[in-house]
2 protein chains.
Amino acid sequence: MKPKISDVAKVAGVSPTTVSRVLNNRGYIGEETRKKVNDAMKELNYYPNDIARSLYIKKTFLIGVIFPTTGNPFYGQLIFHLENYANSLGYKVLLCNSQGREDKEKSYLHMLQRNQVDGIIAGAHNRGIEEYDIPNLPVVGFDRYLSKNTPVISSDNYEGGKQATQLLLDKGCSKIIHINGPIDLETPANLRRTAYEDVLRDNNMLPITYETEWANEEVIRRLFDEHPDCDGIFASDDMIASVVLREAKKRKISTPNQLKVIGYDGTETIRTLLPELSTVEQPIKGIAEKAVDLLIKQIDGAWNGDQLEYTLPVKLIDSETTSLQKGEK
Amino acid sequence: MKPKISDVAKVAGVSPTTVSRVLNNRGYIGEETRKKVNDAMKELNYYPNDIARSLYIKKTFLIGVIFPTTGNPFYGQLIFHLENYANSLGYKVLLCNSQGREDKEKSYLHMLQRNQVDGIIAGAHNRGIEEYDIPNLPVVGFDRYLSKNTPVISSDNYEGGKQATQLLLDKGCSKIIHINGPIDLETPANLRRTAYEDVLRDNNMLPITYETEWANEEVIRRLFDEHPDCDGIFASDDMIASVVLREAKKRKISTPNQLKVIGYDGTETIRTLLPELSTVEQPIKGIAEKAVDLLIKQIDGAWNGDQLEYTLPVKLIDSETTSLQKGEK
DNA sequence: TTGTATGCGTTATCAG
DNA sequence: CTGATAACGCATACAA
């Protein structure tokens, strides 16, 4: 069936060892034999079996990637860059959609170990899992503390939260409400909320936060019902912000005149579908590359482990939901 | 380091074979020994090495998935369901973002073969590649003819195109323009265009199609410039439709009064961010499951190969960009 | 019911 | 510069 190294060797009239040598460019090989071998490989349409190779060298060049779902534009884009960059460095990606479910995440973790992945990159929105403390398995987290010694990458959540809140303030909002994920999840993303609270307190205003796991209409309706005088909303992600916008429209509350809204993430998808939404743009590509770099450093044993948190700068996008644009009525 | 089967055997006081037996539940095993072995596995925190297993059984339970990018909500959602369903059937997913580039796709194809994947699911938007005709490697295509004998799954593109066009017609549009991908790509998605043309011709109207690879503003501006009297647009995907909507707004063309717009895809993301957009919803989950089922059938040698095209029904969503909703002004 | 020996396809060691 | 041999971790045929 599939040709193996010994088949190539036979055709080329050399030993399997020699074939392996030209395959990996190791040791000295005569020009003539090299050519013979290459010809034989072409003739047989030979592809080396990475499974067998991995078994011997004890390295798979596989990395496991665990996030809630590729269906969400933010994770979809992050995973795209993760895979793309990893691929450019010779690594392949085993995809895991945990859906934020702890049971799924655990079983993925086991699956990845059985598959001998060289490392794992895992991301936000799931509850904490002790089992990430796997001896000799490099792990990098995104916006999530995985275990005591795993490094975590995030956008500058505090700075982002601060800038978003400050922007609403600067635009004249007098009652600003924040919408965020469950606070009991200990993630760096909570800093968005902390920053919001700090800024408000510095301005002698009362912080009010609504919690919702996903973009949940009910929570947002409740917010509008309970605070009809609210004139500024900082949502911790753009999907939530879009639902806010929608609900405001339903209630004939004009944006940005009566209500200013700012989100968080700034994916390409949102920038295309909802460019009027002000937001805090995360450096998604940068985050992905940092995560992969850090993981591979660990894999290569080149990580000294002294820095556990890595923070990448965000970019404030002041669009139409926070200010009237030139040319608009 | 990592415990192997023989380590477990030693601790349990049995032979490696016996351990393998309880691992795979094969043959007869004494209740007592089974317990001893299980205890030993727990004690050592043993996980079987799927790489070694794969090498022997010549099956990896790995499937390669090649699509342009998980960053696009449609593919992101499709890939989510693909992975999710495959996982439920014991298969793992190797992710490949081809970015619609032929060179990347080719190199992924080779990578997947080296990794001994059991099969490949590949999707739209790339040019045709002969190399998908790989002996003994099951392949399933989505919206794309991969090779003469590979089955292809699609939504009912003709019916979807027909319903979309008919809807615009029913709502009173008199000049309907279609925007689609490059026509030289031979994909089932071209049927959307064919249907559009058929419906228009049946109504003695002149079909006009603009081509654009991605949601390209320039093309859309040109469309508006060249056809200021256009009052209906059928875009072949929702991203394009959203750019159309945006451009119309810029030009103070009101929707749906002066211009009605309908897209295609109907992802969750679009339904959340742009619920006012009328669209033709693809059964994404159904497509994913059909693709995986068909692939596994091939892998198991249970596919008779008589049916090459599989078409899943679409759902017309008649929202605000084609009709005023109750309660709206 | 359990154990021994062999091979999956590759790479590395060590001779030649 | 090249070749024989062992080993990676597991599962199967065959013995016991």
Side-chain angles (χ1 to χ4, degrees), chain A residues 1-38 40-41 44-62 90 110-118 136, chain B residues 1-38 40-41 44-62 90 110-118 136:
Chain A
M1 256 198 63
K2 272 186 207 159
K4 30 201 264 196
I5 242 178
S6 62
D7 296 323
V8 177
K10 215 164 286 175
V11 171
V14 297
S15 81
T17 309
T18 304
V19 176
S20 173
R21 279 205 184 88
V22 348
L23 220 47
N24 301 297
N25 244 325
R26 204 181 308 288
Y28 295 92
I29 339 155
E31 265 319 308
E32 218 171 313
T33 27
R34 159 168 276 140
K35 189 177 169 348
K36 278 193 301 186
V37 170
N38 279 322
M41 295 201 304
L44 295 175
N45 193 247
Y46 169 78
Y47 285 98
N49 181 329
D50 274 1
I51 293 291
R53 181 165 203 273
S54 294
L55 180 61
Y56 187 87
I57 67 175
K58 291 168 177 289
K59 167 151 186 167
T60 54
F61 289 95
L62 231 44
H110 297 160
M111 181 273 272
L112 293 175
Q113 285 181 259
R114 287 196 310 269
N115 281 274
Q116 315 297 117
V117 295
D118 292 339
N136 303 318
Chain B
M1 255 199 61
K2 271 185 208 162
K4 30 204 264 194
I5 239 177
S6 62
D7 296 323
V8 177
K10 215 164 286 173
V11 171
V14 297
S15 81
T17 309
T18 304
V19 177
S20 173
R21 279 206 184 87
V22 348
L23 221 44
N24 300 297
N25 246 325
R26 200 180 310 286
Y28 296 91
I29 340 156
E31 265 319 308
E32 218 174 313
T33 27
R34 160 169 275 140
K35 188 177 171 347
K36 277 194 299 185
V37 169
N38 278 324
M41 296 201 303
L44 295 176
N45 195 247
Y46 169 77
Y47 284 100
N49 182 330
D50 273 1
I51 294 292
R53 183 165 202 275
S54 294
L55 181 59
Y56 185 86
I57 66 176
K58 290 168 178 290
K59 165 149 186 168
T60 55
F61 290 94
L62 233 42
H110 297 160
M111 181 275 272
L112 293 175
Q113 285 181 261
R114 286 196 311 270
N115 280 275
Q116 316 296 119
V117 295
D118 292 339
N136 303 318

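A, B, ... follow the sequence lines: proteins, then strands. Residue 1 opens every chain. Computation of the quantities below employed the complete heavy-atom set of this structure, encompassing side-chain atoms and omitting hydrogens, waters and symmetry-equivalent molecules.
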**Prompt:** Salt bridge check: are A:Lys35 and A:Glu32 linked by an N-O gap of less than 4.0 Å?
**Reply:** no

**Request:** Heavy atoms only: give me the nearest A:Met41-A:Val22 pair and the separation to one decimal.
**Result:** CE-CG2, 4.5 Å

**Request:** Please report, rounded to the nearest Å, how far the P atom of C:dT1 is from the CG atom of B:Asn25.
**Result:** 13 Å

**Message:** For A:Val14 and A:Arg34: C-alpha separation, side-chain torsions, deciding distance, then whether side chain to side chain contact (heavy atoms under 4.5 Å, CB included) applies.
**Reply:** CA-CA 10 Å; A:Val14 297; A:Arg34 159 168 276 140; over 6 Å; no

**Asked** If you look at every heavy atom in A:Pro3 and A:Leu44, which pair is closest and at what distance?
**Response** CG-O, 3.5 Å

Atom pairs, protein N/O to nucleotides 7-9 of chain D N/O, distance under 3.5 Å:
residue: D:dC8; atom: O3'; partner: A:Lys58; partner atom: NZ; Å: 3.1
residue: D:dC8; atom: O2; partner: A:Tyr56; partner atom: N; Å: 3.4
residue: D:dG9; atom: OP1; partner: A:Lys58; partner atom: NZ; Å: 2.4
residue: D:dG9; atom: OP2; partner: B:Lys4; partner atom: NZ; Å: 2.7
residue: D:dG9; atom: N2; partner: B:Ala52; partner atom: O; Å: 3.4

**Prompt:** Tell me, which of residues 6-23 of chain B have any heavy atom that sits under 4.0 Å from an atom in DNA chain C?
**Reply:** B:Val14, B:Ser15, B:Thr17, B:Thr18, B:Arg21

**Request:** Taking the side chain as every heavy atom from C-beta outward, state whether A:Val11 and A:Tyr46 have any atom pair closer than 4.5 Å.
**Result:** no

**Fill in**
Paired with B:Tyr47, the side-chain hydrogen bond (donor to acceptor under 3.5 Å, both in side chains) test is passed by just one of A:His110, A:Gln116, A:Gln113, namely A:His110

**Item:** Protein-nucleotide distance (A:Asn24, atom CG; D:dT2, atom P), rounded to Å
**Value:** 16 Å

**Message:** Out of the candidates A:Asn24, A:Leu23, A:Thr60, only one should pair with A:Arg53 under the side chain to side chain contact (heavy atoms under 4.5 Å, CB included) rule; please name it.
**Reply:** A:Asn24

**Prompt:** Relative to the 5' end of DNA chain C, which residue comes earlier, A:Asp50 or B:Gly30, by the nucleotide with the nearest heavy atom?
**Reply:** B:Gly30

**Request:** Check A:Ala12 against A:Val37 and note the closest heavy-atom contact, atom names and distance.
**Result:** CB-CA, 3.9 Å

**Sorted by number, the residues of residues 110-117 of chain A with heavy-atom contact under 4.0 Å to DNA chain C** = none

**Request:** With DNA chain D as reference, determine whether A:Thr33 or B:Tyr47 sits nearer its 5' end, using the nearest nucleotide of each.
**Result:** A:Thr33

**Message:** Nearest 0.5 Å, please: how far is NZ in B:Lys2 from CG in B:Asn49?
**Reply:** 7.0 Å

**Asked** A:Ser54 and B:Ile51: which non-hydrogen atoms are nearest, and at how many Å?
**Response** CB-CG2, 4.2 Å

**Request:** Would you confirm whether B:Ser20, through its side chain, and B:Pro16, through its main-chain N or O, come within 3.5 Å as a donor-acceptor pair?
**Result:** no

**Request:** Using whole Å, report how far CZ of A:Arg26 lies from C1' of C:dT10.
**Result:** 12 Å

